There are 2 protein chains.
Amino acid sequence: MTRPVGKIRDVAKATGLSIATVSRVMNGGKNVSPNTRDKVLAACKQLNYLPNPAARALSTSRSKTVAAIIPTIEHSIFAKYIASIEHSLAQRGYSLVIAISHGDLDEELAAAQKLLGMGAEAFILSGADHHPDLLDLFTQRGVPHVYSSIWQPASAAPSIGYDNTALARAAMDYLTGHGHHHIAVLHGPLTESDRTRDRQAGAQAAQRDGLTLDFHETSLDVAGGKAATRALLQSANRPSAIFCFSDVLALGALFALSEAGLRVPEDVSVMGFDNLDWSGETAPALTTINLPATRMGAEVGTQLMDHLDNGTPLGPVRLDGAIVERASVAPVTRRG
Amino acid sequence: MTRPVGKIRDVAKATGLSIATVSRVMNGGKNVSPNTRDKVLAACKQLNYLPNPAARALSTSRSKTVAAIIPTIEHSIFAKYIASIEHSLAQRGYSLVIAISHGDLDEELAAAQKLLGMGAEAFILSGADHHPDLLDLFTQRGVPHVYSSIWQPASAAPSIGYDNTALARAAMDYLTGHGHHHIAVLHGPLTESDRTRDRQAGAQAAQRDGLTLDFHETSLDVAGGKAATRALLQSANRPSAIFCFSDVLALGALFALSEAGLRVPEDVSVMGFDNLDWSGETAPALTTINLPATRMGAEVGTQLMDHLDNGTPLGPVRLDGAIVERASVAPVTRRG
DNA sequence: CTGTTAGCGCTTTCAA
DNA sequence: TTGAAAGCGCTAACAG
């Protein structure tokens, strides 16, 4: 029960000006004499006046709010990414509102409906795989939206992100280049993420004679990485390298290996994906793939705002990822 | 440039009813015949109608939005907490909007002003230490707000959280109870968080003859915990236990210890604080303090909504934390 | 149970 | 450079 607060009318009264003039000042203050302007600003401060966003939105049909729907925010690249989007939007007076989909298309649809109902003007989605009704909804209402964390120039909406397939492929080549011929691949639920599927396709593409690839699906958290690694260590001949589609999984792998008394990278190499802020701190430091989360956030934010403000068309952008060589991968040494 | 979309008037026209009736249906639909109700709902679906939130907010002076300002969302207890608040609010049609303060009082103030400007009706703050202007602002405008992640019955606003001091004290007692007489305490920047200061006070309170306590301030991330541990390992006589005010710090400590070739808990015990989702997965599994993040989120959300909806007064609530015994702490063995 | 009507606070032509 | 006035889409009395 917030108490009533200064309105534009009060400021007008206090300055002896009209509400129209006050409004002008509040919006950039073009066509207002410096004098008037100062008077208004002073009164605003004095009355602690803040324009009512609902009234403003109603009047302009602009909420200056963009929505991002992400699979999760815990332990992940998304935290960094979200911070970057927020930063980018804030620069131009936009706000970001977030929803979590848990990687579920229906949840994503429901969240989008809610956010639309909240007045979001544009949407940032993760990946290119979405509920058909969502796309219909966006199309029907002409809601601008982009796919992120993925690069797929032919997708239904502009994609702004990195090429997951190529990156995974590059990692595989890096591993095989280090002499690994038996590699376990740990990944999260394929059904929940097309980014995961892309990475899988990339890893798969590296397949060739004399290369053994074992794919293991697990839950996308440290426990998942640990359990999967533990399981794979049971098998008769263990891989010389474990490639994880997320640093979080890799962390779990590291723990499992440590518990099993195996040394990294001497006994088995581990490679991650994401380059989270702690990835260089693990023991040993994790070799992984850096993802341009910050640049992606900036690009997404800028494109959407330019489109909303000036009608600039949205377009796909490919951002580069890169292998970060650290200590968890070593050339395979000839063993017994 | 979102295209124009169905308004309440269109639904009214389509059903041959008045906009008032449509409005009634859209808001719980009391005093409406089931028949009419169905007709309206059908028309809404058919026209893909969604009430305009700005218009609704303007008309009711209710945005049904609450704001949470947290220090960070990466690697932390806050991710879980935020998810819980969101969940709780969503149940009753409220939305959560988040801002990050980076532990800075000025940033927090700025964020609050922005969120207020966005129409937030109530605020969730972390800790009890805030910019005086923030409190003035809230008081002046009568904005409901609570302090969370802390329990301090005498604070300016109701605090809903756990007793950081007592919990840290309990952890110290646990450690000394295991025979540790030289304990290093790792914590984040004291100036940035009164929760950290409370924990420090609690640890301090365990001080007594024959107990050596070394406090080390570091950055609140894995790198910080690792660096601090590395540094403290340099000194002539090293502690038998390291108590970290965050599991993130403890993870760093674990890595540093591992690199130094020291075994946990045989050579040195490590205790954390937070019980993050991966804390039971580390090698060895981390003994830590569980924080009721989920319950806290629910309590905060419920209190705020009850207050906003029915004027129920806000009040402080103490939630319990508890030591989670795992494998990283062992009784100190008589050495050389 | 349903319709009429008066705003909610602000932006935005259009005139002055 | 400033003011008057017409809405923006919806809710909430108040009538009927």
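Values below: every heavy atom of this structure, side chains too, minus hydrogens, waters and symmetry copies. Just so it is clear: chains get the letters A, B, ... in the order the sequence lines come, proteins before strands, and each one is counted from 1. These numbers were taken from a predicted model, which means no experiment stands behind them.
Counting only residues at least two apart or in different chains, ring pair (Phe, Tyr, Trp, His ring centres under 6.0 Å) contacts with residues 87-128 of chain A comprise A:F123-A:F138.
With rounding to the nearest 0.5 angstrom, the CD1 atom of B:I8 is 12.0 Å from the CG atom of B:L50.
Rounded to whole Å, the distance from NZ on A:K13 to C1' on D:dG3 is 15 Å. The interatomic distance linking A:R9 (CZ) with C:dC10 (P) rounds to 9 Å, in whole Å. For the pair B:K64 NZ and D:dC10 C1', the interatomic distance rounds to 15 Å; values are reported in whole Å. Note: CG (A:N27) to C1' (C:dT12) measures 10 Å, nearest angstrom. Atom NZ of A:K7 and atom P of C:dT11 are 14 Å apart (whole Å). Distance CG (A:L17) to P (D:dT1): 14 Å, rounded to an integer number of Å. Per the geometry, CG belonging to A:N35 stands 12 Å off P belonging to D:dT1, to the nearest Å.
The side chain of A:S23 lies closest to C:dT12, out of C:dT2, C:dT12, D:dC10.
Comparing A:P34 and A:I19 by the nucleotide of DNA chain D whose heavy atom lies nearest to each, the residue mapping closer to the 5' end is A:P34.
In this model, the phosphate group of D:dT2 is not approached by any side-chain N or O of A:N31 to a distance below 4.0 Å at OP1 or OP2. In this structure, B:S18 does not reach the C:dT4 phosphate: none of its side-chain N or O atoms is under 4.0 Å from OP1 or OP2. Side-chain N/O atoms of A:T21 include none lying less than 4.0 angstrom from OP1 or OP2 on D:dT2.
Residues B:R92 and B:D309 are paired through a salt bridge, judged by an N-O separation under 4.0 Å between the basic side chain and the carboxylate. Salt-bridge formation is not detected for the pair B:K80/B:E86: no Lys NZ or Arg NE/NH1/NH2 atom is positioned less than 4.0 Å from an Asp or Glu carboxylate oxygen. Under the 4.0 Å criterion applied to side-chain N and carboxylate O atoms, B:E121 and B:K64 are not assigned as salt-bridge partners.
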| query | Going through the checks in order, is the side-chain hydrogen bond (donor to acceptor under 3.5 Å, both in side chains) test met by B:H130 and B:E108? | reply | CA-CA 8 Å; B:H130 305 284; B:E108 182 181 62; 2.6 Å; yes
| request: Begin with the C-alpha distance, continue with both residues' side-chain angles, and end with the deciding distance and a verdict on side-chain hydrogen bond (donor to acceptor under 3.5 Å, both in side chains) for B:Y81 and B:S148. | output: CA-CA 10 Å; B:Y81 173 46; B:S148 73; 2.8 Å; yes
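Residues of residues 36-62 of chain B having a heavy atom closer than 4.0 Å to DNA chain C, listed by number: B:T36, B:L58, B:S59.
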